[in-house]
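Below is one structure, written out as structure tokens; the observations come after it.
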Number of protein chains: 4
Amino acid sequence: MDTAVVRGTRRAAAAPAGQGDGNARGQSTGRKRDPERTRAEILKVSTGVFAAQGYSGARVDEIAALTRTTKRMIYYYFGSKEQLYLEVLKDAYGGIRAAEREIQVGSLNPRDAVRRLAELTYDHHAQHSDFIRLVMIENIHRGVFIRQVESIRDLVQPAVGLLEEILKRGRAEGVFRHDADAFDVHLVISSYCVFQVANQYTFGYLFGRDLQEPPLSDHLRSMLGDVVVAWLETGAEIKN
Amino acid sequence: MDTAVVRGTRRAAAAPAGQGDGNARGQSTGRKRDPERTRAEILKVSTGVFAAQGYSGARVDEIAALTRTTKRMIYYYFGSKEQLYLEVLKDAYGGIRAAEREIQVGSLNPRDAVRRLAELTYDHHAQHSDFIRLVMIENIHRGVFIRQVESIRDLVQPAVGLLEEILKRGRAEGVFRHDADAFDVHLVISSYCVFQVANQYTFGYLFGRDLQEPPLSDHLRSMLGDVVVAWLETGAEIKN
Amino acid sequence: MDTAVVRGTRRAAAAPAGQGDGNARGQSTGRKRDPERTRAEILKVSTGVFAAQGYSGARVDEIAALTRTTKRMIYYYFGSKEQLYLEVLKDAYGGIRAAEREIQVGSLNPRDAVRRLAELTYDHHAQHSDFIRLVMIENIHRGVFIRQVESIRDLVQPAVGLLEEILKRGRAEGVFRHDADAFDVHLVISSYCVFQVANQYTFGYLFGRDLQEPPLSDHLRSMLGDVVVAWLETGAEIKN
Amino acid sequence: MDTAVVRGTRRAAAAPAGQGDGNARGQSTGRKRDPERTRAEILKVSTGVFAAQGYSGARVDEIAALTRTTKRMIYYYFGSKEQLYLEVLKDAYGGIRAAEREIQVGSLNPRDAVRRLAELTYDHHAQHSDFIRLVMIENIHRGVFIRQVESIRDLVQPAVGLLEEILKRGRAEGVFRHDADAFDVHLVISSYCVFQVANQYTFGYLFGRDLQEPPLSDHLRSMLGDVVVAWLETGAEIKN
DNA sequence: GATGAATGAGGTTTCATTCAT
DNA sequence: CATGAATGAAACCTCATTCAT
């Protein structure tokens, strides 16, 4: 597994004299004593490591080694591996939702708006694979961690809010079907977008195609638009 | 050391012929000395544990405890945790593909056939959450394990074969669009079906709804049919 | 971890059905049921493995794997790893002494005889590195095993007997010194001959020269003759 | 040993200047938190255990038990059993070569100098049986470990340097033969000295005499001098 | 005689975490 | 704020050996 690769390097060369388990570093170059910065660095590095190795697979030692501080500091700032992971999760969700709020599709007609939204979401996911990996990890753990971070729940509204608005307009204009609400559409879009990142390795291996590479990835992006729009437009006249 | 070299040859041919017949041996006492059974039990239990805890999270000790045999036997039969996981993976893929081959939709018209296929796939995924979890775990590990089990790759054809046939008929009858091939449709269906299992915990927590519970799950099943059919039927007349 | 790499190869292909730890083999080709032969084969293979890996380093599994029989047979014939090693030791000493008895130098004058004996011993050691390695291993274990094989002790006489005879003749003829007995000469010769085999790896590495390779090995052989003869001839006239 | 050198750098400014005065540090409790000491202790104990049991035979548990620290600390300082062994090897070679450099024979004539050197080497080996055992162990492993410690190779020069000088003088004075170089003489001396330690158990058992006990050991020491001197002086007049 | 399956004890290594300064 | 040293518990894996047939 890739953990092996990462770990393999860890002790590389096994420096002549013993120097501890993971993190030995003689650096004394410049910036130090900046708690905010230190904390942020640990958080950033941890995000990468947790996303790469999973919760059990992540090593506090490895995180420390990738940081300018020591392992002790991680405990100083975060208390435990679990607390650290919780912070990482919270931070990741916060960042992703903030980005979602940036989306502006008000000026487009419903059909184009929903296509735009879907395609932006598609790119957004592709660009934040670490976040998606964290979500996968959370689900592997049956959501035991996310449930401890209440603040995350509050962030979900805006994601569907915009969709709701577009759908309402579309239905009012008679171009969208009536039996698909924001939750439904969000789920269709999410599942598709998450999949191409989350399952890229198995799917890519089985079919011998890289879902994230340009020729195919562009096709997949527009295909999502097709799917969503076709679905929403079909049976638009029928009120239910 | 050189031992490694020598040991390399260790396991070569072997396996005492008959396999899959369950219990052909002279097992009299019925509880012990039934290698076929022992191996199968370890495999089954391991599947559950790996699916539940991930690769790093799974404990060989735990697997052993859930078995009628000991930890030592796991190593006797599988050699290492990694080999065991590989075997689990292979077995899981094998089982899933076998089930897929059972699907019969030949008698239906293209439209109904594809809907049927999608909905059966939906249920199929819901019923095999362990498999889906294993796939997630594999992707967390960037597919390093699955790449070691070549036989898995051979199993993928039938999965798309049926779809290909339906699509061909649909296009010939002028009811399906021409710019969506079997791979595309498979991806749309898969992403949707995987999602409701893979992301059920985070999605369920964030929206306060259980994707797998009857009222909602039924809605989701038929929605998938709607999505796929609507998409395929849209623009059917345009040849590209 | 990099061990994984090594281990990865070990169980290559992980044969479909489990087949035990070390030795599984479906062979049924020809000769079987020949106890004498089986025993001899185990002994021969064991000699090589013990010589190669040492007592602790040798693996019963490995020995079995290199045999046409199974691990169980080793226990059947020899009882335990220790007993097997004891037999190996006894067998090795027996073989070496038998070869020593072949040496014929009666027709030569003392000076040529002792040189001949030394050089034959030199070649003899070079050709029986496995025996020398077993002796090293025994010494690593402070001779605890050899002390349990009394028969070995009886074999030592002939080795020095021939030397004694040559020395007697040499002293009588006034060409050899009087303060060197057979034990002394045997030790000088042995130490030199054993060294070039026993320490070939460290010495070879440190000096970048292979003690066993022709240009050098020939030089070393004749040098031994020079050393022994020069030593014995020096001060021959002085009776002590 | 070079470890010391490296460590010297590691702590750079740390150590409060003065050294050799025993306990200059602020070590109050005196029994813990002294990495230098801890590491050194592990190394010393390991040397004994590896020398006594061989690489495979040595148990990390046993080493730990003989230490004031725990097994965990061994891994903290050395990473693995293999690394520890490597360090032991390096340390042992370093120590032995340092001792060799102490030898002073400049004031003696070539004949006495070479005898002196041989006899000092003899005693030196007798006093460092652990080192010799490690060398044996290394050879059993065909030098795979020593090849990983490059620094050891650099230490060999001084060992032969002194000999070279003596031989040159001897040849110039017309008292030493010309066809024996430093490497040759070193090999003759080494083989003899190593043997009486390395093979003491088997040789001692077979002949019923302890090579290391005073009456015999003194005889052997002077015999080595006789052998070497007799050999080097023989044929001194012949230039080749 | 012969065999594949089974095993307990113990081996090396790794982990998150805390201590003393 | 910061740090290197230290640690107990538990992880994975291997060994010589025995059992049931």
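Proteins come first, then strands; the chains are lettered A, B, ... in the order of their sequence lines, and each starts at number 1. Values reported hereafter were calculated over all heavy atoms of this structure, with side chains retained and with hydrogens, waters and symmetry mates removed.
Computed from coordinates, the C:R39 CZ to E:dG1 C1' distance equals 15 Å when rounded to whole Å. Going from atom CZ of B:R37 over to atom P of E:dA6 covers 12 Å, rounded to whole Å. We find that CD1 of C:I42 is positioned 15 Å from C1' of F:dA16, with the value rounded to whole Å. Distance A:I74 CD1 to E:dT18 P: 14 Å, rounded to the nearest Å. Nucleotide E:dG11 holds its P atom 11 Å from the CD atom of D:Q53, rounded to whole Å. Taking atom OH on D:Y55 and atom P on E:dG11, their separation rounds to 15 Å, with Å as the unit. We find that CD of B:E62 is positioned 14 Å from P of F:dA10, with the value rounded to whole Å. Computed from coordinates, the C:Y77 OH to F:dT18 C1' distance equals 19 Å when rounded to whole Å.
Across all strands shown, D:A64 has no heavy atoms under 4.0 Å from either base or sugar-phosphate atoms. Among the atoms of the strands shown, base atoms are found under 4.0 Å from some heavy atom of D:D61.
Of the candidate nucleotides F:dT3, F:dT17, E:dA16, F:dT3 has the atom lying nearest to any side-chain atom of A:T70. Residue A:R72 places its side chain closer to E:dT18 than to any other of F:dT17, F:dA5, E:dT18.
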Take B:E62 and B:K71, measure what salt bridge (charged side-chain N to carboxylate O under 4.0 Å, His left out) needs, and give me the verdict at the end.
CA-CA 9 Å; B:E62 188 187 346; B:K71 184 168 51 166; over 6 Å; no
Quick one, D:I42 with D:L84, criterion side-chain contact (heavy atoms from CB on, under 4.5 Å). Give me CA distance, side-chain angles, the key distance, then yes/no.
CA-CA 9 Å; D:I42 294 173; D:L84 175 59; 4.1 Å; yes
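Counting non-hydrogen atoms of other residues, nucleotides and ligands closer than 6.0 Å to NZ of D:K81 gives a total above 12.
Close to E:dA6, at under 4.0 Å from its OP1 or OP2, lies a side-chain N or O of B:T38. In this structure, C:Y75 does not reach the E:dA2 phosphate: none of its side-chain N or O atoms is under 4.0 Å from OP1 or OP2.
Between the side chains of C:Y85 and C:E138, at least one donor N or O sits under 3.5 Å from an acceptor N or O. Judged purely by distance below 3.5 Å, without hydrogens or angles, the side chains of A:Y77 and A:Q83 never pair a donor atom with an acceptor atom.
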Let me have DNA chain F in dot-bracket notation, would you? Count Watson-Crick plus G-U wobble pairs, both distances under 3.5 Å, and use [ ] for pairs crossing earlier ones and | for inter-strand partners.
.||||||||||||||||||||
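Side-chain N/O atoms of C:K71 and base N/O atoms of E:dT3 include no donor-acceptor pair closer than 3.5 Å. For E:dT13, the base has no donor-acceptor partner in the side chain of D:K81 [N/O atoms by modelled type, under 3.5 angstrom].
Toward the 5' end of DNA chain F, the nearer of the two residues D:T69 and C:A58, judged by each one's closest nucleotide, is D:T69. Of the two residues near DNA chain E, D:R59 and C:M73, the one whose nearest nucleotide lies more 5' is C:M73. Each of C:Y76 and D:V60 was matched to the nucleotide of DNA chain E holding its nearest heavy atom; the match closer to the 5' end belongs to C:Y76.
Between D:E87 and D:K90 a salt bridge is recorded (basic side-chain N to carboxylate O distance below 4.0 Å).
With C:V45 as the partner, the side chain to side chain contact (heavy atoms under 4.5 Å, CB included) test is satisfied by one option alone out of C:I63, C:T69, C:I74: C:I63.
The aromatic rings of A:F145 and A:Y55 are tilted relative to each other, their planes meeting at an angle between 30° and 60°.
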